[in-house]
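Report on one structure; see the data block that follows.
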Amino acid sequence: MIGNFISNYDRLRKPLSKKERLSIPGKYRYIGATSVNDYINKYNFDGIYLLLGEDGTVEDDNGYPILQYISGKFWPNNHAHVLQGKNVSTEWLYLFFKQRKITSIVTGAVQKRSHKRISIH
């Protein structure tokens with residue numbers, strides 16, 4: 001089971017509203033499910049992580065997951081799972097997911113660019 005190879009840091013995510021982000025402009029990336037949404041003056045992660053979209057657009061047109069391989073200091077919002085490899089490298093985890101279609105595990109309650117949701121356990 002892939003869950004045996006994942007360290008999940010979702011509990012450390014803390015979303016910031018646009019208003020909050022505008023009050024703290026800076027150099028650190030504020031990252032959403034698919035891309036950088038803003039730059040702020042603080043971070044809550046520092047290292048190499050894999051971000052996997054949780055909702056919104058979580059898969060590409062071919063059914064593969066939208067992934068972001070992130071290194072350095074950043075602040076993820078609550079729309080991306082924050083993962084690292086456990087007993088495998090985070091790079092291995094990236095390559096594993098990059099080669100797996102996820103259409104079958106994307107729940108029907110979600111839609112592209114709005115509330116498509118993936119559950120990682």
Side-chain angles (χ1 to χ4, degrees):
M1 177 122 211
I2 188 63
N4 296 329
F5 300 98
I6 296 172
S7 292
N8 184 319
Y9 297 96
D10 287 358
R11 70 190 178 285
L12 303 176
R13 299 176 301 181
K14 182 179 184 258
L16 299 172
S17 70
K18 183 70 173 176
K19 183 179 179 181
E20 289 173 301
R21 296 192 315 265
L22 286 172
S23 71
I24 55 169
K27 65 179 183 178
Y28 302 113
R29 296 162 291 172
Y30 180 78
I31 303 175
T34 61
S35 63
V36 173
N37 296 133
D38 230 328
Y39 290 88
I40 59 177
N41 67 4
K42 52 186 173 180
Y43 62 91
N44 57 0
F45 285 86
D46 185 5
I48 295 175
Y49 293 87
L50 177 63
L51 301 186
L52 172 65
E54 179 179 302
D55 56 20
T57 303
V58 299
E59 64 182 327
D60 66 18
D61 291 339
N62 297 312
Y64 293 96
I66 303 294
L67 302 170
Q68 298 178 79
Y69 177 84
I70 305 295
S71 65
K73 298 172 181 173
F74 67 100
W75 186 296
N77 73 17
N78 59 314
H79 297 288
H81 291 294
V82 181
L83 311 173
Q84 282 184 322
K86 179 170 54 174
N87 300 317
V88 298
S89 69
T90 301
E91 293 81 0
W92 182 92
L93 199 59
Y94 171 84
L95 293 172
F96 175 85
F97 279 115
K98 196 71 176 164
Q99 299 175 45
R100 301 297 187 282
K101 289 193 176 196
I102 60 168
T103 302
S104 66
I105 64 169
V106 175
T107 67
V110 293
Q111 300 172 7
K112 280 189 179 180
R113 213 35 240 145
S114 62
H115 292 39
K116 209 168 210 182
R117 193 172 276 286
I118 266 189
S119 182
I120 299 294
H121 296 281

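In this chain, residues are counted from 1 in sequence order.
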>> Closer than 3.5 angstrom, by distance alone: can the side chain of Gln68 be matched with the main-chain N or O of Ala33 as a donor-acceptor pair?
In response: yes
> When rounded to the nearest 0.5 angstrom, what is the spacing between CD1 in Ile40 and CD in Glu20?
Replying inline: 9.5 Å
> Side chain of Gln84, backbone of Ile48: donor and acceptor closer than 3.5 Å?
Replying inline: yes
> Other than Tyr28, what residues sit in its cluster of Ile, Leu, Val, Met, Phe, Trp and Tyr side chains whose heavy atoms are under 4.5 Å apart, directly or through others?
Replying inline: Tyr43
> Distance from Phe74 atom CZ to Tyr39 atom OH, nearest 0.5 Å?
Replying inline: 13.5 Å
>> Are Tyr94 and Trp92 linked, directly or through intermediate hydrophobic residues, by side-chain heavy-atom contacts shorter than 4.5 Å (ILVMFWY only)?
In response: yes
> Is there a path of hydrophobic side-chain contacts, each under 4.5 Å between heavy atoms of I, L, V, M, F, W or Y residues, that connects Trp75 with Leu22?
Replying inline: no
>> Does Leu83 form a side-chain contact (heavy atoms from CB on, under 4.5 Å) with Leu93? I'd like the steps, not just the answer.
In response: CA-CA 9 Å; Leu83 311 173; Leu93 199 59; 4.2 Å; yes
>> What verdict does the side-chain contact (heavy atoms from CB on, under 4.5 Å) test give for Leu67 and Leu50, after you've listed the backbone C-alpha separation in whole Å, the side-chain angles of each residue and the deciding distance to 0.1 Å?
In response: CA-CA 7 Å; Leu67 302 170; Leu50 177 63; 4.0 Å; yes
> Of all heavy-atom pairs between Pro15 and Asn78, which one has the smallest distance, and what is that distance?
Replying inline: CB-OD1, 3.2 Å
>> Can you give me the closest heavy-atom contact between Pro65 and Leu52, atom names plus distance?
In response: CB-CD1, 3.6 Å
>> Treating Asn77 as the side-chain partner and His79 as the backbone partner, does any N or O pair qualify as donor plus acceptor under 3.5 Å?
In response: yes
> Which pair of heavy atoms, one from Leu16 and one from Arg21, lies closest together, and at what distance?
Replying inline: O-NH1, 2.7 Å
> Are Ile31 and Tyr49 close enough, and set up right, to give a side-chain contact (heavy atoms from CB on, under 4.5 Å), and what steps lead you there?
Replying inline: CA-CA 12 Å; Ile31 303 175; Tyr49 293 87; over 6 Å; no
>> Are Tyr69 and Val36 linked, directly or through intermediate hydrophobic residues, by side-chain heavy-atom contacts shorter than 4.5 Å (ILVMFWY only)?
In response: no
>> With a 6.0 Å cut-off (strictly less than), is the heavy-atom count around CZ of Phe5, excluding the residue itself, greater than 12?
In response: no
> Side chains of Phe45 and Ile70: closer than 4.5 Å at any heavy-atom pair?
Replying inline: no
> Which atom names give the shortest non-hydrogen contact between Ser7 and Lys86, and what distance separates them?
Replying inline: OG-CB, 3.5 Å
> Are Leu12 and Leu51 connected, step by step, through hydrophobic side chains (Ile, Leu, Val, Met, Phe, Trp, Tyr) whose heavy atoms are closer than 4.5 Å?
Replying inline: yes
> Quick one: does Asp38's side chain get under 4.5 Å of Pro25's, heavy atoms only?
Replying inline: no
> At their closest point, which heavy atom of Ile66 faces which heavy atom of Asp60, and how far apart are they?
Replying inline: CD1-N, 3.9 Å
> Shortest non-hydrogen contact from Ala80 to Asp10?
Replying inline: O-OD1, 4.1 Å
> In Å and rounded to the nearest 0.5 Å, what is the CD1 to OH distance from Ile24 to Tyr30?
Replying inline: 9.0 Å
> Backbone N or O of Gly47 within a donor-acceptor pair of the Ser71 side chain at under 3.5 Å?
Replying inline: no
